[in-house]
Number of protein chains: 2
Amino acid sequence: MDTRQKIVDAAITVLNEDFSAPLDRIAEKTDLSRRTLHRYFPDRTELIEACRQDMMQTWQTAILQACNSTQDPLIQLERMLYAGIDCGVRYIFLHKLLSQPDVNKPTGVPQNASYEAARDNWFQLVPELQRRGLISEQVNVTWIRLLFTQMVSVTIQAYQSGNIAQNDIKKLAWYSFRRSIGME
Amino acid sequence: MDTRQKIVDAAITVLNEDFSAPLDRIAEKTDLSRRTLHRYFPDRTELIEACRQDMMQTWQTAILQACNSTQDPLIQLERMLYAGIDCGVRYIFLHKLLSQPDVNKPTGVPQNASYEAARDNWFQLVPELQRRGLISEQVNVTWIRLLFTQMVSVTIQAYQSGNIAQNDIKKLAWYSFRRSIGME
DNA sequence: TATTTATGTCACAATAATGTGACATATTTC
DNA sequence: GAAATATGTCACATTATTGTGACATAAATA
């Protein structure tokens, strides 16, 4: 498997739990030496940048696929949740990273364009569902977005805990999520 | 206000976001010098330990109060959620810390006794509600516990976002939570 | 006011983390 | 098997972080 990707994967996992974790921690997780890690990523910031790119790419692809797979916004929402879960820690870390603007490179360049597009998809979806009366108008869009993100997080933790049947865990997540936002 | 407490508060907030954050970051948040911080806490581990104590104490007090305020387990659950929200970042960080056993001091001494008691209250509550048929037996206890924790997290983020009316935010949290675990 | 108490500033040593060069050893590719 | 490529090991300089002592200054208190 691609070494570079292996490093990014490990970095995403480690940094998601502890953003200031030393690079040794990441190298250790990949079973590579720190020296090798530095061969792929000259310094810490470049590694983080690579993570950001990777996360955005993965998420964008997943969300577009979810949107294009059907016209029904309800099913779109469901598949977006599954997409988030499939992206796993990537999804979590991405949103954590983007919500801490101080971490981002201070370049005014909006490299996020395609991500923004994906995000817009999301934001349009909820009001659409509200118009159709499927989600209560009472529930704030911000609130729903937070619930969504955290539901992905919960699901990942549940996977890791091993205390829950892996088969129906996604369905369970969808059940809890849609009810939490007032559906059905 | 108590300086020591001010430091612990800042530490909990900062370390919750970034566990390996340098002490300067915490000192900065308190508007104290790092030197002063070191006068109260000789080293990093002692500060973290103080945080742990503080968090356990706060949470234990809150949860006991919630339990003793009524006999109705349903209302107990609701008040426990409010208690978690009131504890704020404390609650989040406490559970994050306790779920990473490597971080804890390797002393086999169970200083957590009283906390454990508080935790047991929690764990007895859900099965009780399931017995009474108020929560579906289908939903796993682990899953509920994760949802609970994340709901506290969501609420705190919602507070911070400023996009949601502060008044009814707790009720909203309770609404989303109880529905997510299959109630009503 | 004199004295304690809390805090700040600065300098400093000790340790930890980062990033790089030089060279050895696998591993792959041709 | 030889060349190219990837990785490991070690040494090293640099920087960041940590923790402490010495002294100054501000604030509270007697």
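Quantities reported herein were computed from a predicted structural model and do not represent experimental measurements. Chain letters run A, B, ... following the sequence lines, proteins first, then strands; residues in each count from 1.
Fit an axis to the five pairs at each end of the helix from C/dT1-D/dA30 to C/dC30-D/dG1 and the two axes sit 30° apart, to the nearest 10 degrees.
A/Tyr40 has a side-chain polar atom (N or O) that falls below the 4.0 Å cut-off from OP1 or OP2 of D/dT7. The phosphate of C/dA6 has neither OP1 nor OP2 within less than 4.0 Å of any side-chain N or O from B/Thr36. In this model, the phosphate group of D/dT9 is not approached by any side-chain N or O of A/Ser33 to a distance below 4.0 Å at OP1 or OP2. In terms of phosphate contacts, A/Thr3 brings a side-chain nitrogen or oxygen within less than 4.0 Å of OP1 or OP2 of D/dT7.
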Protein-proximity profile, nucleotides 12-30 of chain D, B/S/- by nucleotide at the 4.0 Å heavy-atom cutoff, equals -----SBBBBB--------

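Donor-acceptor pairing under 3.5 Å is recorded for the side chains of B/Gln5 and B/Asp54. Side chains of A/Arg79 and A/Ser69: a donor on one and an acceptor on the other come within 3.5 Å. Using modelled atom types and a 3.5 Å distance limit, the side chains of B/Thr61 and B/Gln65 yield no donor-acceptor pair. In summary, the side chains of A/Asp43 and A/Thr45 do present a donor paired with an acceptor at a separation below 3.5 Å, with no hydrogens or angles considered.
Side-chain contact between B/Asp18 and B/Arg25 is present, with at least one heavy-atom pair separated by less than 4.5 Å.
As a whole-Å value, the separation of A/Lys6 NZ from D/dA6 P is 13 Å. Atoms CD (A/Glu28) and P (C/dA16) sit 15 Å apart, rounded to a whole Å. Here C/dA6 presents its C1' atom at 11 Å from CD1 of B/Ile7, a figure rounded to the nearest Å. Rounded to whole angstrom, the span from the CG atom of B/Asp2 across to the C1' atom of C/dT7 amounts to 15 Å. As a whole-Å value, the separation of A/Leu37 CG from C/dG19 P is 10 Å. Distance CG (B/Asp31) to C1' (C/dA6): 16 Å, rounded to an integer number of Å. Distance, B/Leu32 CG to C/dT9 C1': 14 Å, rounded to whole Å.
Between B/Phe19 and B/Phe93, the angle of the ring planes lies from 30° to 60°, which puts this pair in the tilted group.
Under the rule for a salt bridge (charged side-chain N to carboxylate O under 4.0 Å, His left out), B/Arg145 has no partner lying at least two apart in sequence or in another chain.
Within a 6.0 Å radius of CD in A/Gln166, more than 12 heavy atoms belonging to other residues, nucleotides or ligands are found.
In this structure, CG on A/Leu81 lies 9.5 Å from CG on A/Asp86, to the nearest 0.5 angstrom.
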